[in-house]
Amino acid sequence: MYENNPDDRFEAALRLAEADPIRGAEALRAIVADDVFDHDTRFEAAARLAEVDEARAADALRSIVADHAFDSDIRSEAAARLAEVGG
């Protein structure tokens, strides 16, 4: 596994979230904020973040909703997820 490969980093963050939710949440939040990842992966990281840390997920989803670089479908889905986590 190569730590600079975005796909590998995402998969590692998912596994980490299962084993250590606190550290996994940090890794997923870092992916949401990292422009190296495509918008779909960043949104998926935010959605998965909701499974381990709703407060951080709400912040991450808010950032996607407000970022016009994301297409409107992803922003809309992020808004719907935000409502689910109480953000």
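All values derive from a computational prediction rather than experimental measurement.
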Sorted by first residue and then second, give each ring pair (Phe, Tyr, Trp, His ring centres under 6.0 Å) pair with at least one member in residues 16-46; sequence neighbours left out.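 As it turns out, the ring pair (Phe, Tyr, Trp, His ring centres under 6.0 Å) pairs with a partner in residues 16-46, which skip direct neighbours, are His39-Phe70.
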
Presence of salt bridge, Asp35 and Arg42, under 4.0 angstrom =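 A salt bridge links Arg42 with Asp35.
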
Notebook entry, point to check: Is the shortest side-chain N to carboxylate O distance from Asp59 to Arg56 below 4.0 Å?
Noted result: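 No.
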
If you compare all heavy atoms of [X] against all heavy atoms of [Y], which two are closest, and at what distance to 0.1 Å?
{"X": "Ala50", "Y": "Val85", "value": "CB-CG1, 3.7 Å"}
{"X": "Val36", "Y": "Pro6", "value": "CG1-CG, 3.6 Å"}
{"X": "Leu61", "Y": "Leu82", "value": "CD1-N, 3.7 Å"}
{"X": "Ala25", "Y": "Val52", "value": "CB-CG2, 3.9 Å"}
{"X": "Ala46", "Y": "Ile64", "value": "CB-CD1, 3.9 Å"}

So, do [X] and [Y] sit near enough that their side-chain heavy atoms are less than 4.5 Å apart?
{"X": "Asp34", "Y": "Arg9", "answer": "yes"}
{"X": "Pro21", "Y": "Asp53", "answer": "no"}
{"X": "Asp67", "Y": "Arg75", "answer": "no"}

Could you measure the distance from the [atom1] atom of [X] to the [atom2] atom of [Y]? Nearest 0.5 Å is fine.
{"X": "Glu54", "Y": "Glu84", "atom1": "CD", "atom2": "CD", "result": "10.0 Å"}
{"X": "Arg23", "Y": "Leu16", "atom1": "CZ", "atom2": "CG", "result": "5.0 Å"}
{"X": "Asp7", "Y": "Asp38", "atom1": "CG", "atom2": "CG", "result": "8.0 Å"}
{"X": "Ile74", "Y": "Glu44", "atom1": "CD1", "atom2": "CD", "result": "10.5 Å"}

Discussion item. Leu28 vs Leu14, test: side chain to side chain contact (heavy atoms under 4.5 Å, CB included). Steps then yes/no.
Written reply: CA-CA 7 Å; Leu28 289 168; Leu14 293 177; 4.1 Å; yes

Query - Verdict with reasoning, Ser76 to Asp73, per side chain to side chain donor-acceptor pair (under 3.5 Å) - result: CA-CA 5 Å; Ser76 178; Asp73 289 339; over 6 Å; no

